[in-house]
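All remarks here apply to the structure that follows.
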Amino acid sequence: DLKNTKHAKNIIKKYDLEILLLEYIGAGSIAQVYKCIYNNKIYAIKITHPNIREKIRANIITIGSILQICKLLHLLEGMPPINLNVFFVDHLNQTDLNIEAKNTIYLYEKFTNSVITDIHVPEIIKYNQDYIIESYINGCNISDLEEPYKNEAMIKRLSGFMEMLFSYDILFGDSHD
C-alpha cells in the first residue's frame, strides 16, 4: 500500500530528519511523494519505495534469464545483438535519488529564469540516495483541467520539452501532469 507511511517514517528516522508528513501526494515506479513540514516550511519529500533496488536487481536477473533461454531456443536468430547493460545500469541508477536531485538542480538552474516557457522545477533543499526534500509546487493533473486550459498546459509541456532538447541539449523524461 503506497499510502502507508511506515516506510517513509522509517527513512525519516534513519536519517534523523525533523519532518512532519502532512499528506500523500503520489507515487511513481521508484518513489513515493509526500507533502511535509521541514524547518517550519512546507516542502515535498520523495522517498524511494521499500526494497526498490532489490526488486530492480531481481527484474534484471529475470530479463537476463529470459534472453538466455531465447538464445538457447534460437528465438533471436536474425535479430541484431542485444546488449542490455546500458538499460540495466540506467534502471539501477534511477533508484539513486542523488542522481535525480542533481538532474533537478541542473534543470532548476536552466528553467528558473526561462523566457521561453513557464516550466516550474522544484528547488532541491536536501537529498541522498533514499530521499529528496524539495520545494512544494502545488499543481493538478492535466487530465483534470477543462478546455482550453488542458490544451494550454499541453502546449506548455511541449514547449518545455522543446526548450530542453534544442536550447540545452538535454532530455529529461520525468515530467509530471
Side-chain angles (χ1 to χ4, degrees), residues 1-5 7-9 11-12 17 19-50 52-53 55-56 59 86-177:
D1 180 21
L2 294 176
K3 294 182 182 183
N4 183 339
T5 60
H7 174 69
K9 289 177 181 177
I11 292 292
I12 290 166
L17 300 169
I19 286 184
L20 174 63
L21 297 178
L22 296 177
E23 69 180 275
Y24 171 82
I25 296 173
S29 59
I30 303 298
Q32 57 233 11
V33 181
Y34 298 89
K35 187 175 180 181
C36 68
I37 295 178
Y38 176 70
N39 288 341
N40 296 318
K41 294 182 183 176
I42 294 180
Y43 290 101
I45 184 167
K46 181 180 280 192
I47 298 174
T48 55
H49 290 310
I52 189 64
R53 290 172 191 88
K55 291 175 184 175
I56 296 292
N59 287 342
V86 172
F87 171 78
F88 292 156
V89 168
D90 183 55
H91 214 61
L92 275 174
N93 282 344
Q94 288 182 33
T95 68
D96 183 349
L97 294 184
N98 282 306
I99 295 168
E100 181 171 337
K102 289 173 185 171
N103 288 336
T104 303
I105 289 167
Y106 179 78
L107 289 174
Y108 179 83
E109 291 167 355
K110 296 297 182 191
F111 281 95
T112 297
N113 296 312
S114 172
V115 294
I116 300 173
T117 58
D118 185 24
I119 300 294
H120 301 280
V121 178
E123 181 181 9
I124 301 298
I125 307 303
K126 187 174 182 173
Y127 63 93
N128 74 11
Q129 71 176 6
D130 292 321
Y131 71 86
I132 299 173
I133 300 171
E134 58 192 17
S135 58
Y136 175 76
I137 300 173
N138 196 19
C140 67
N141 289 325
I142 290 176
S143 58
D144 292 339
L145 295 174
E146 300 287 328
E147 300 295 343
Y149 304 110
K150 186 182 288 187
N151 288 339
E152 184 180 323
M154 293 302 292
I155 290 169
K156 283 183 180 184
R157 179 181 263 182
L158 180 59
S159 298
F161 173 80
M162 301 298 277
E163 183 177 358
M164 275 192 286
L165 192 58
F166 297 117
S167 296
Y168 303 115
D169 196 28
I170 58 173
L171 185 57
F172 184 70
D174 193 20
S175 63
H176 300 276
D177 286 350

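Counting begins at 1 with the first residue of the sequence.
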Could you go through the side-chain hydrogen bond (donor to acceptor under 3.5 Å, both in side chains) check for Tyr136 and Asn138 one step at a time? CA-CA 6 Å; Tyr136 175 76; Asn138 196 19; 3.3 Å; yes

Could you tell me whether the side chain of Asn128 and the main chain of Tyr131 form a donor-acceptor pair under 3.5 Å? yes

Spacing of CD1 belonging to Ile45 relative to NZ belonging to Lys126, to within rounding of 0.5 Å: 9.5 Å

To the closest 0.5 Å, what do you measure between SG (Cys36) and CD (Glu134)? 9.5 Å

Is the shortest side-chain heavy-atom distance between Ile125 and Ile132 below 4.5 Å? no

What I'd like to find out is whether the side chain of Tyr127 reaches to under 4.5 Å of the side chain of Leu97, using heavy atoms alone. no

Check whether any side-chain N or O of Asp96 sits under 3.5 Å from a backbone N or O of Asn98 as a donor-acceptor pair, and report yes or no. yes

In Å and rounded to the nearest 0.5 Å, what is the NE2 to CD1 distance from His49 to Ile11? 12.0 Å

Tyr34-Tyr24 aromatic ring centre distance below 6.0 Å: yes

Heavy-atom side-chain contact between Leu107 and Asn103 under 4.5 Å: no

Let me see the working for Ile19 and Ile37 under side chain to side chain contact (heavy atoms under 4.5 Å, CB included), right down to the final yes or no. CA-CA 6 Å; Ile19 286 184; Ile37 295 178; over 6 Å; no

Go through the steps for Thr104 and Val121 under the test side chain to side chain contact (heavy atoms under 4.5 Å, CB included), then give the verdict. CA-CA 7 Å; Thr104 303; Val121 178; 3.8 Å; yes

CD1 of Ile47 to CD1 of Ile30, rounded to nearest 0.5 Å, is 14.5 Å

More than 12 heavy atoms of other groups within 6.0 Å of Lys9 NZ: no

I'd like to know if the side chain of His120 and the backbone of Thr112 have a donor-acceptor N/O pair within less than 3.5 Å. no

Examine distances only and state if a side-chain atom of Arg53 and a backbone atom of Leu92 form a donor-acceptor pair shorter than 3.5 Å. no

Please give me the minimum heavy-atom distance between Ala153 and Ile142, naming the atom from each residue. CB-CG1, 4.0 Å

Would you mind checking if Asp130 and Lys46 are paired as a salt bridge, meaning a charged N to carboxylate O distance below 4.0 Å? no

What's the separation between atom CD in Gln32 and atom CD1 in Ile52, rounded to the nearest 0.5 Å? 9.5 Å

Ile124 versus Ala101, closest heavy-atom pair with distance: CG1-O, 3.8 Å

So OH of Tyr38 and CD1 of Ile133: to nearest 0.5 Å the spacing works out to 4.5 Å

